[in-house]
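To start, the structure itself, in structure tokens.
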Amino acid sequence: MTLKSFIDVHPDSHFSLQNLPYGVFKPGKEQKARIGVAIGEYVLDLSAIAGAGLFNEPLLKDSECFFQNSLNMFLALGRPAWKEARATIQRLLSGTDEPTLRDNASLRERSLFSMDQVELLLPAAIGDYTDFFSSMHHAKNCGTIFRGPENPIPVNWFHLPIAYHGRASSILLSGTDIIRPRGQSFPVGNSPPYFGPSLKLDFELEMAAIVGPGNELGKPVDIDKAEDLIFGLVLMNDWSARDIQAWEYQPLGPFLGKSFGTTISPWIVTLEALEPFACDAPKQEPHPLPYLTEKKSKNYDIALEVQIKPTGHKEGSVVTKSNFKYLYWTLPQQLVHHTSNGCNLRPGDLLGTGTISGPDRESLGCLLELTWNGQKPLSLQNGAVRKFLEDEDEVIISGCCQGNGYKVGFGTCTGRILPALL
Ligand code: CA
């Protein structure tokens, strides 16, 4: 189907009429935050569309969800309401048979803002954040680096999507600077443990699911219903201090090596927009237990890329190209396992996939793997070399699905390293 908007959208734009990702924005400093969708170089203000009475389907007609400063109220409404909203927005923005917005100059002025003039905010109030470990290639490489090549992947990994509970308070919007963390790491020789700025600061290329309606405490989610609880995906950088992590992680897992900052992209791309890019998930062997067995396992073909841009460089250097489709455990399996003990998820919860590494040297999702814990430094453009991130480095993650003449993309997820505090 060829879909076209009356708004000029370049074929290379991530924000086509087929995409329509949701975010939260302020048109100006003094104005209230509200919900919008990205279209080309513009943001469509859904509170203005709702205010004009154009959401007149049953589930959205009287809702205040687009006048909020987070998407949580809309997320809680569930998939039938999300479908209503998408149909209405797509119809209003299409150029052909729908004059309502196209021919109303006053409404266009009230509802369409140039993206470079608005302030973007975190799209959801994130109450809880969990980070999975769902790439087999990443699990194998990390296991080899930290524990040696004998059995690098623990036996439980093949039976359950392993995760740790992350820190929601330090989830940051793309573009926020990251202060190099200080922390404790391995003693050298007979010295006491080191305490100071991390010497092995890393990025992790991830994506994360935003939870929709959630589930009641004590009521696990059935695998066949799990997809309906997931609203969409964002790009994520799970910044990691490898030296702090390696010293602290046994026996309880990641803590201060991770909790100093996690960056997400501002636009949530819905599962509806991603559906044309669904593909088979990798075969799971051994076969998962019945509660994790899907009728049909699927992933999405989302091309992912990471650039490092040192200070003074005009452009970033591409350091890896990976793809969401490499993940072993699927989004529904992650969500179902999370709730299998009765744990309740709530609207806006964030479920990170874990670092998305592919099978090749060129598709590894973090510097720990790319430089093999600093043993094989990476060459960037202009003669720069990196074992881990240096101060003033900017990390730029991007992600995109290529359609026939259009893209469904995530934009970028960026962050720059500032020196540690004295
Ligand atoms: Ca991670």
Side-chain angles (χ1 to χ4, degrees), residues 126 128-147 152-154 156-157 160-172 174 176 178 181 183 198 200-211 233-250 252-265 302 304-306 308 319-320 322-324 326-331 333-335 337-338 349-358 363-371 373 388-389 395 397 399 410 413-415 417:
I126 298 165
D128 275 297
Y129 153 48
T130 303
D131 197 18
F132 285 87
F133 190 49
S134 289
S135 154
M136 185 170 63
H137 308 291
H138 177 66
K140 186 177 179 188
N141 291 330
C142 290
T144 305
I145 290 166
F146 280 142
R147 290 182 298 278
I153 307 181
N156 61 353
W157 190 91
L160 58 95
I162 288 174
Y164 70 95
H165 279 278
R167 184 77 193 164
S169 66
S170 52
I171 293 173
L172 307 165
S174 174
T176 309
I178 299 290
S198 169
K200 291 188 173 182
L201 185 52
D202 201 354
F203 65 83
E204 285 191 338
L205 165 60
E206 301 200 22
M207 299 195 75
I210 304 280
V211 173
L233 294 176
V234 291
L235 301 170
M236 187 171 108
N237 185 343
D238 179 25
W239 303 96
S240 299
R242 300 303 184 189
D243 40 0
I244 300 171
Q245 182 186 359
W247 173 237
E248 76 178 2
Y249 88 106
Q250 297 197 81
L252 287 184
F255 181 32
L256 302 181
K258 300 280 191 176
S259 60
F260 56 93
T262 308
T263 306
I264 63 170
S265 54
I302 307 169
L304 301 166
E305 181 182 284
V306 181
I308 295 177
V319 296
T320 192
S322 187
N323 195 302
F324 185 88
Y326 295 137
L327 289 172
Y328 183 90
W329 293 105
T330 67
L331 295 175
Q333 287 176 323
Q334 292 170 17
L335 186 141
H337 184 67
H338 203 314
D349 281 0
L350 191 75
L351 306 182
T353 57
T355 304
I356 306 174
S357 290
S363 57
L364 302 175
C366 60
L367 287 172
L368 177 74
E369 293 169 84
L370 285 163
T371 71
N373 202 13
F388 289 95
L389 296 171
V395 177
I397 297 178
F410 291 78
C413 175
T414 71
I417 307 301

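All residue numbers in this chain count up from 1 along the given sequence. Whatever order the structure lists ligands and atoms in, that order sets their numbers, starting from 1. All values below come from the heavy atoms of this structure, side chains included, with hydrogens, waters and symmetry mates left out.
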(message) Could you go through Glu369 and Lys140, starting from their C-alpha distance and side-chain angles, then the distance that decides it, and tell me whether this counts as salt bridge (charged side-chain N to carboxylate O under 4.0 Å, His left out)?
(response) CA-CA 10 Å; Glu369 293 169 84; Lys140 186 177 179 188; over 6 Å; no

(request) Would you sort out whether Leu350 and Ile210 count as a side chain to side chain contact (heavy atoms under 4.5 Å, CB included), showing the intermediate values? (result) CA-CA 5 Å; Leu350 191 75; Ile210 304 280; 3.5 Å; yes

(request) Evaluate the criterion side chain to side chain contact (heavy atoms under 4.5 Å, CB included) for residue pair Leu368 and Asn373; output intermediate values, then yes/no. (result) CA-CA 5 Å; Leu368 177 74; Asn373 202 13; 3.6 Å; yes

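Distances from the Ca ion (ligand 1) to each N, O or S atom of Asp131 single out OD2 as the nearest. The closest approach of Glu204 to the Ca ion (ligand 1), by N/O/S atoms, is made by OE1. Atom OD2 is the N, O or S atom of Asp238 at the shortest distance from the Ca ion (ligand 1). Closest N/O/S atom of Glu206 to the Ca ion (ligand 1): OE2.
Relative ring orientation between Tyr328 and Trp157 is described as tilted, the plane-to-plane angle lying within the 30° to 60° band.
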